[in-house]
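Notes follow the structure.
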Amino acid sequence: MQIVLLGPPGAGKGTQAKSLKSYFNLIHISTGDLLRKAVSENTKLGVEAKEFIERGDLVPDKLVIELINERLSKPDVSRGFILDGFPRNDSQADILDKMLQKKNIILNYVVYLEASEEIIIQRLSGRRVCRSCHENFHVKNMPTKVEGICDICGGELYRRSDDQEEAIRNRLKIYTEKTESLVDYYSSQEKLLKIDANFDAPVVFEKLKSVLL
Ligand code: ADP
Ligand code: ZN
């Protein structure tokens, strides 16, 4: 099974990807995670991408495509995958189609997670991430036992620089301008599955399973 997760920031793509990954034994490819890793490791690509990520802008296609191409060339891809955060504009979608064609891989579904702006802002502004294991928490929806400390590994929690209000607003604007049109793109390929993601994560996952099984 090869799936793309589509939807605004804060729709829960990363959270649902993790559940899908373990339930269907797929690999999870998140461009956001790959980019943040490159930034923290100070690679050449990471240094170039950093300012775009912090502002909430899209990183130039060339860099993201380089990351995706590299990842999709690894042998474990044959297990099936969830693409989270890619494609994010028309030309990325076009390039993905061509890349998959070349590798003889079929894209089965594009799951569109829909969430209201109110829910999105509430989720993103309360999100906290562990510095060590990268697990996501939420100050209200999913608080840790000890404030500021990861339940899983004891690491320190931080607020992503692009989860500050100004960057959130910019990400939403860019989503509307550049990414939302992919809903039509995949709908005309008859691949789109629309899910109402305005619910708690386990409820959304049940809905997801019921459309995929
Ligand atoms: P979210 O979906 O919540 O905005 P992500 O972790 O997927 O968060 O992405 C964080 C940032 O990484 C984006 O705001 C953008 O700067 C960059 N990014 C991720 N995927 C792409 C992509 N496909 N094209 C360009 N930039 C990307
Ligand atoms: Zn942790």
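Counting starts at 1 for both ligands and their atoms, following the listed order. What you see is a predicted model, and the numbers here were worked out from it, not measured in a lab.
Of the charged side-chain nitrogens involved, at least one lies within less than 4.0 Å of a carboxylate oxygen, so that E206 and K209 count as a salt-bridged pair. A salt bridge between E66 and K62 is absent, with no side-chain N of the basic residue lying under 4.0 Å from a carboxylate O of the acidic one. One finds no salt bridge joining K74 and D76 here, because no Lys/Arg side-chain nitrogen approaches an Asp/Glu carboxylate oxygen to under 4.0 Å.
Here is the list of ligand 1 atoms found below 4.0 Å of a heavy atom in R127: 3 (O). Atom numbering of ligand 1 starts at 1 in the shown order; those under 4.0 Å from a heavy atom of V64 are 22 (C), 23 (N), 24 (N), 25 (C), 26 (N). Near K13, meaning under 4.0 Å from one of its heavy atoms, ligand 1 places the atoms 2 (O). Listed by atom number, the atoms of ligand 1 under 4.0 Å from Q92 heavy atoms are 22 (C), 23 (N), 24 (N), 25 (C). Close approach of ligand 1 to D57 is summarised as follows: ligand atoms under 4.0 Å from at least one heavy atom of the residue are 15 (C), 16 (O). Counting atoms of ligand 1 from 1 in the listed order, those under 4.0 Å from a heavy atom of R160 are 3 (O), 5 (P), 6 (O), 8 (O), 10 (C). Every atom of ligand 1 with a heavy atom of G85 under 4.0 Å away is listed here by number and element: 20 (N), 21 (C), 22 (C), 23 (N). Proximity to T31 (heavy-atom distance under 4.0 Å) selects the following atoms of ligand 1: 19 (C), 20 (N), 21 (C), 23 (N).
For N141 and Q122, the side-chain atoms include at least one donor-acceptor pair closer than 3.5 Å. Side-chain contact, D84 with H28: a donor N or O sits under 3.5 Å from an acceptor N or O. Using modelled atom types and a 3.5 Å distance limit, the side chains of T144 and D151 yield no donor-acceptor pair. Donor-acceptor pairing under 3.5 Å is recorded for the side chains of D97 and Y185.
With hydrogens left out, the protein atom closest to atom 19 (C) of ligand 1 is R88 NH1, 3.4 Å, a heavy atom. If you check which protein heavy atom lies closest to atom 17 (C) of ligand 1, you get L35 CD1, 3.5 Å. Of all protein heavy atoms, the one lying nearest to atom 3 (O) of ligand 1 is R171 NH2, 2.7 Å.
With a 4.0 Å cut-off on non-hydrogen atoms, L58 touches ligand 1 through its backbone as well as its side chain.
Taking the ring axis of Y158 as reference, the NZ or CZ atom of R131 stays within 45° of it and closer than 6.0 Å to the ring centre. Cation-pi geometry between R55 and F52 is satisfied (NZ or CZ under 6.0 Å from the ring centre, within 45° of the ring normal).
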Please assess D163 against R171 for the test salt bridge (charged side-chain N to carboxylate O under 4.0 Å, His left out), listing each intermediate value before the final yes or no.
CA-CA 9 Å; D163 281 345; R171 282 154 72 202; 2.9 Å; yes
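The closest approach between any non-hydrogen atom of R55 and ligand 1 is not below 4.0 Å.
For a distance bound of 2.8 Å, the N, O or S atoms of C130 include one lying that close to the Zn ion (ligand 2).
Residue D84 places no N or O, backbone or side chain, under 3.5 Å from any N or O of ligand 1.
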